[in-house]
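What follows is a single structure, written as structure tokens, with notes after it.
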Amino acid sequence: MESKDFPVLEIRNLKKYFEIQKGFFKKKNSLLRAVDDVNIELYSGKTLGLVGESGCGKSTLGKSTLRAIEPTSGSIHLNLDKKYSLCDLNKDELRSLRKYMQMIFQDPNSSLDPRMTISDIISEPIKANYALKKHDIKNKVKNLMEIVGLNSNQLYRYPHAFSGGQRQRIGIARALASDPKIIVCDEAVSALDVSVQAQIINLLKEIQEKYNLTYLFISHDLSVVEHLSDRVAVMYLGKIVEIGNTEDVFCNPKHPYTEALLSAVPKDYKNKKHKKIILKGEIANSINIPSGCAFHTRCIYAKEVCKNESTYLGLTENKHYVACHLHKDLNLSGIF
């Protein structure tokens with residue numbers, strides 16, 4: 001099951017709804033559909049980039065994938081020595097699989113405990129998952145520090161003594177400490193300076209190749225996603241509206257929303273044919289999602305059918321899926 005053509009993680013019909021309560025008695029008023037019927041696959045040793053506007057549900061999907069927050073419904077299957085259904089496991093059973101799934105957070109300042117030394121931060125997941133002697137733990141922590149490009153002499157310093165980029169390296173070392181198979185990178189470089197971003201991105205690529213890691217890379221920076229990802233999924237109001245190989249999505253976007261996102265990316269000044277698309281209106285409310293295609297209120301190509309009929313991911317070509325009424329010949333039976 002370690003083949004790069006085999007999904008190490010399969011997510012089917014995943015939903016995460018939040019109850020919105022109002023009034024003195026906190027009565028349930030409505031549902032916020034943060035993640036709404038998502039189907040994605042992560043392949044061993046590959047990176048799936050997840051993009052979309054702020055508030056579309058990217059981070060919620062990432063956390064639900066690891067059961068850091070509990071999904072409302074759906075299934076998550078982890079394929080290792082055998083197939084594990086993560087949504088059917090109790091807390092003790094899930095704990096034994098936690099070491100295979102880790103997360104790198106957006107803010108390196110708040111994700112590290114300021115009261116703990118770097119040695120304690122990195123060694124914590126090692127102690128939780130392995131029965132090693134003290135000197136073996138210390139050696140592994142030193143090795144992890146070297147892997148992420150930090151001096152092992154700094155082990156007994158506290159997070160405040162490091163720069164933002166160094167703190168994120170510590171976060172990466174902590175994620176690697178349990179020997180994971182899958183890492184969810186939730187805006188892992190967005191809080192860093194551009195020069196530091198490049199260093200962290202190169203580090204992520206190096207350790208991915210060295211340890212055959214699988215990434216779910218969540219970001220709003222399309223240039224970073226293009227550089228790092230093998231496949232890209234585009235999310236809008238809790239749903240995946242397009243997914244495919246990075247080159248196909250960036251060079252030949254099928255969904256109007258993807259087209260608009262890509263048009264906002266700064267292009268080379270020589271590319272005079274580049275047309276910028278300005279979306280009209282505000283992103284719809286996840287509590288009150290429009291009927292039909294949720295994007296029709298902002299879409300420049302919207303037709304009457306878009307207002308009345310829901311869209312579903314369908315195959316166009318070369319494992320390129322899109323949910324849009326503009327593409328009439330979609331293969332809806334072949335989805336995943």
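Only this structure's heavy atoms are used, side chains among them; waters, hydrogens and symmetry mates stay out.
The salt bridge (charged side-chain N to carboxylate O under 4.0 Å, His left out) check on Glu209 picks up nothing, with sequence neighbours excluded. Residues forming a salt bridge (charged side-chain N to carboxylate O under 4.0 Å, His left out) with Asp36 (at least two apart in sequence, or on another chain): Lys239. For the salt bridge (charged side-chain N to carboxylate O under 4.0 Å, His left out) test, residues two or more places apart in sequence or in another chain that qualify with Glu53 are Arg298. Residues meeting the salt bridge (charged side-chain N to carboxylate O under 4.0 Å, His left out) test with Arg33, sequence neighbours left out: none.
At distances below 3.5 Å, not a single donor-acceptor pair connects side-chain atoms of Arg169 with backbone N or O atoms of Ile147. A distance-only check finds no donor-acceptor pair linking the side chain of Arg174 to the backbone of Ile104 [under 3.5 Å]. In this structure a side-chain-to-backbone donor-acceptor pair under 3.5 Å is missing from Glu309 to Gly292. Of the possible polar contacts, one joining the Ser291 side chain to the Lys307 backbone as a donor-acceptor pair under 3.5 Å is found. Asn212 places no side-chain N or O within 3.5 Å of a backbone atom of Gln208 that could act as its donor or acceptor partner. Under a 3.5 Å cut-off, the side chain of Ser263 and the backbone N or O of Ala260 do form a donor-acceptor pair. Judged by distance alone, the side chain of Tyr215 and the main-chain N or O of Leu204 form a donor-acceptor pair under 3.5 Å. When atom types are taken as modelled, the side chain of Gln102 and the backbone of Ile183 share no donor-acceptor pair closer than 3.5 angstrom.
Here the straight-line distance linking atom CD1 of Ile200 with atom NZ of Lys205 works out to 14.5 Å at 0.5 Å rounding. Here the CG atom belonging to Leu9 is positioned 6.5 Å from the CG atom belonging to Leu86, to the nearest 0.5 angstrom. To the nearest 0.5 Å, atoms CD (Gln168) and OG (Ser163) are separated by 10.5 Å. Distance check: Leu31 CG to Ile287 CD1 gives 9.0 Å after rounding to the nearest 0.5 Å. Note that CD1 of Ile243 and CG of Leu48 are 5.0 Å apart. Values are rounded to the nearest 0.5 Å. Atom NZ of Lys319 and atom CG of Asn245 lie 8.0 Å apart (nearest 0.5 Å).
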Please tabulate, for side-chain N and O atoms in residues 131-143, each donor-acceptor pair with protein atoms closer than 3.5 Å (sequence neighbours left out).
from	atom 1	to	atom 2	distance (Å)
Asn139	ND2	His135	O	3.1
Lys140	NZ	Ala177	O	3.2
Lys140	NZ	Asp179	OD2	3.1

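Remark: the Asp230 side chain and the Thr246 side chain contain no N/O donor-acceptor pair separated by less than 3.5 Å. Using modelled atom types, one finds no donor on one side chain facing an acceptor on the other under 3.5 Å when comparing Ser178 with Asn129. Between the side chains of Asn90 and Asp92, no donor N or O sits under 3.5 Å from an acceptor N or O. No side-chain donor-acceptor contact under 3.5 Å links Tyr17 and Glu19.
Taking 4.0 Å as the cut-off between side-chain N and carboxylate O, Glu124 and Lys127 do not count as a salt-bridged pair. Salt-bridge check for Glu10 with Arg12: passed, with a basic side-chain N closer than 4.0 Å to an acidic carboxylate O.
Side chains of Ser64 and Leu14 form a contact here, defined as non-hydrogen atoms less than 4.5 Å apart. Side-chain contact between Ile240 and Leu50 is present, with at least one heavy-atom pair separated by less than 4.5 Å. Residues Val224 and Gln197 meet the side-chain proximity criterion, which asks for heavy atoms closer than 4.5 Å.
Pairs engaging residues 99-123 under the salt bridge (charged side-chain N to carboxylate O under 4.0 Å, His left out) rule: Asp113-Arg115 [sequence neighbours left out]. Within the structure, ring pair (Phe, Tyr, Trp, His ring centres under 6.0 Å) pairs that include any residue of residues 284-303 comprise Tyr236-Phe295, His255-Phe295, Tyr257-Phe295 (at least two apart or interchain). Applying the side chain to side chain donor-acceptor pair (under 3.5 Å) test to residues at least two apart or on different chains, the pairs with a partner in residues 218-229 are Glu187-His220, Asp221-Ser223. Listed by first and then second residue, the salt bridge (charged side-chain N to carboxylate O under 4.0 Å, His left out) pairs involving residues 242-265 are Lys254-Glu317 (not counting sequence neighbours). Among residue pairs with one or both ends in residues 52-108, none qualify as ring pair (Phe, Tyr, Trp, His ring centres under 6.0 Å); sequence neighbours excluded. Legend: salt bridge (charged side-chain N to carboxylate O under 4.0 Å, His left out) pairs involving residues 55-65, not counting sequence neighbours: none detected. Pairs engaging residues 148-165 under the salt bridge (charged side-chain N to carboxylate O under 4.0 Å, His left out) rule: none recorded [sequence neighbours left out].
Taking each heavy atom of Leu213 and Ile207 in turn, the nearest pair found is CD1-O, 3.8 Å. In terms of heavy atoms, Pro7 sits closest to Asn79 at O-ND2, 2.7 Å.
Taken together through direct or relayed side-chain contacts under 4.5 Å among Ile, Leu, Val, Met, Phe, Trp and Tyr, Met116 and Tyr158 form parts of separate hydrophobic clusters.
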